[in-house]
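Contents: one structure, followed by commentary.
Within every chain, numbering begins at 1; the chains are lettered A, B, ... in the order of the sequence lines, protein sequences first and strands thereafter.
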There are 2 protein chains.
Amino acid sequence: MSQLDKTDILILNQIQENARITHAELAKAVNLSTTPCYNRIKAMEEKGLIKQQVTLLEAEKLGLTLNVFIHVTLEKQVEEALQSFEEAISDRPEVMECYLMTGDEDYLLRVVVPNMKALEKFILQYLSKIPCVASIRSSFALKQVRYKTALPLPEQGLTLHLD
Amino acid sequence: MSQLDKTDILILNQIQENARITHAELAKAVNLSTTPCYNRIKAMEEKGLIKQQVTLLEAEKLGLTLNVFIHVTLEKQVEEALQSFEEAISDRPEVMECYLMTGDEDYLLRVVVPNMKALEKFILQYLSKIPCVASIRSSFALKQVRYKTALPLPEQGLTLHLD
DNA sequence: GCTGAAACGTCCTCCAC
DNA sequence: GTGGAGGACGTTTCAGC
């Protein structure tokens with residue numbers, strides 16, 4: 001068990017928004033010098049708190065204009081069926097997110113495609129052919145109002161839940 | 001109007017996965033030298049294709065274990081109501097994603113919170129108090145099967161849709 | 001438009017305080 | 001935790017193909 005203090009949270013919030021911030025800028029932003037910044041980041045990396053640094057692209061400008069939410073129900077909710085569905089889904093680049101859900105339907109997918117034809121192809125030629133898929137229901141996003149990757153960290157610091 | 005060739009797509013795919021890749025590594029990965037890599041990235045930045053470089057954190061280890069999808073319906077779908085709802089929602093750090101949807105319900109939110117108490121607080125003290133909100137329906141993710149930020153780019157290159 | 005190398009600037013890392 | 005300093009590295013530019 002370990003703790004993160006306010007400064008750690010500040011650092012995480014900075015790097016969440018900007019992966020290329022330099023230690024010097026970061027130090028300035030959190031009112032510290034570069035050395036403790038460096039040490040804190042290193043410690044948090046070793047704890048496995050930092051997953052990945054990625055570049056976000058402009059989907060619209062790249063012609064990826066359709067955001068579709070697809071609800072999938074399986075025929076039987078046995079462990080084996082779930083696992084094979086999850087594996088099948090993870091191969092497809094269109095599938096941005098996938099959640100196993102409570103309620104009537106089993107999975108919720110967010111899929112990004114350039115147009116209806118690509119969606120049709122994904123659903124008919126791929127999704128519907130995965131064994132155990134019983135029903136598929138799509139709903140469309142008219143507009144992406146908000147999309148962010150920065151997690152809501154508590155401002156006061158927190159106790160870590162490490163394995 | 002401009003085009004992206006296969007090499008541009010390769011570069012974008014590399015930086016989508018790794019924001020800190022160096023031009024030297026990138027050059028190696030796409031079979032080029034550093035100069036054209038540098039020039040191509042610069043050109044794509046100027047076209048506004050690259051939005052942001054961010055750090056992804058491990059939500060579970062930070063105690064942010066609840067992913068909740070909240071469906072919101074407004075009393076009336078007039079422009080004004082939509083706009084004020086969207087503004088209100090954009091202030092809240094818990095709201096990771098928000099989409100204006102087709103179908104019976106108006107908005108779909110993905111909210112991340114540490115526990116049920118925080119969810120309750122968000123819904124009762126905040127969401128339900130936004131004017132024009134008629135109904136709220138939540139469903140829970142039992143498991144985040146997949147979450148990625150890398151867009152599915154066509155491998156053969158593409159024509160850009162610039163303003 | 002690409003290559004390769006060279007120069008420049010900056011960042012990381014360590015150490016003494 | 002501070003501040004400075006060395007070495008390493010990444011970025012950027014340039015001549016040449």
Tell me: CD1 of A/Ile41 to P of C/dC12, nearest whole Å?
8 Å
Round to a whole Å and report the spacing from NZ of A/Lys42 to P of C/dT13.
7 Å
Upstream residue (5' side of DNA chain D) when A/Ser33 and A/Arg20 are each assigned their closest nucleotide
A/Ser33
Under 4.5 Å between any side-chain heavy atoms of B/Leu160 and B/Leu158, yes or no?
yes
Respond yes when some side-chain nitrogen or oxygen of B/Arg40 is under 4.0 Å from OP1 or OP2 of C/dG1, and no when none is.
no
For B/His23 and D/dG10, is the shortest distance between a side-chain N/O and OP1 or OP2 below 4.0 Å?
no
Between D/dT11 atom C1' and B/Ile15 atom CD1, what is the distance in whole Å?
15 Å
So, is A/Tyr38 close to the C/dT13 phosphate, meaning a side-chain N or O under 4.0 Å from OP1 or OP2?
yes
Any sub-3.5 Å donor-acceptor pair from A/Arg146's side-chain atoms to B/Ser90's backbone N or O?
yes
How many Å lie between CG on A/Asn39 and C1' on C/dC14, as a whole number?
10 Å
Distance check needed: D/dT12 P versus B/Leu32 CG, whole Å only.
17 Å
Check the distance between C/dT10's P and A/Ile21's CD1 and give it to me in whole angstrom.
16 Å
If I take atom NZ in residue B/Lys6 and atom C1' in nucleotide C/dC2, what distance separates them, rounded to the nearest angstrom?
19 Å
Assign each of A/Thr34 and B/Asn31 the nucleotide of DNA chain C bearing its closest heavy atom; nearer the 5' end lies the nucleotide of B/Asn31
Yes or no on side chain to side chain contact (heavy atoms under 4.5 Å, CB included) for A/Tyr126 and A/Asp91, after CA distance, side-chain angles and deciding distance?
CA-CA 11 Å; A/Tyr126 192 78; A/Asp91 283 347; 4.2 Å; yes
Please step through side chain to side chain contact (heavy atoms under 4.5 Å, CB included) for the pair B/Thr159 and B/Gln3, ending with a clear verdict.
CA-CA 4 Å; B/Thr159 303; B/Gln3 297 263 128; 2.4 Å; yes
So for B/Thr35 and D/dT12, does any side-chain atom that can act as donor or acceptor lie under 3.5 Å from a complementary atom in the base?
no
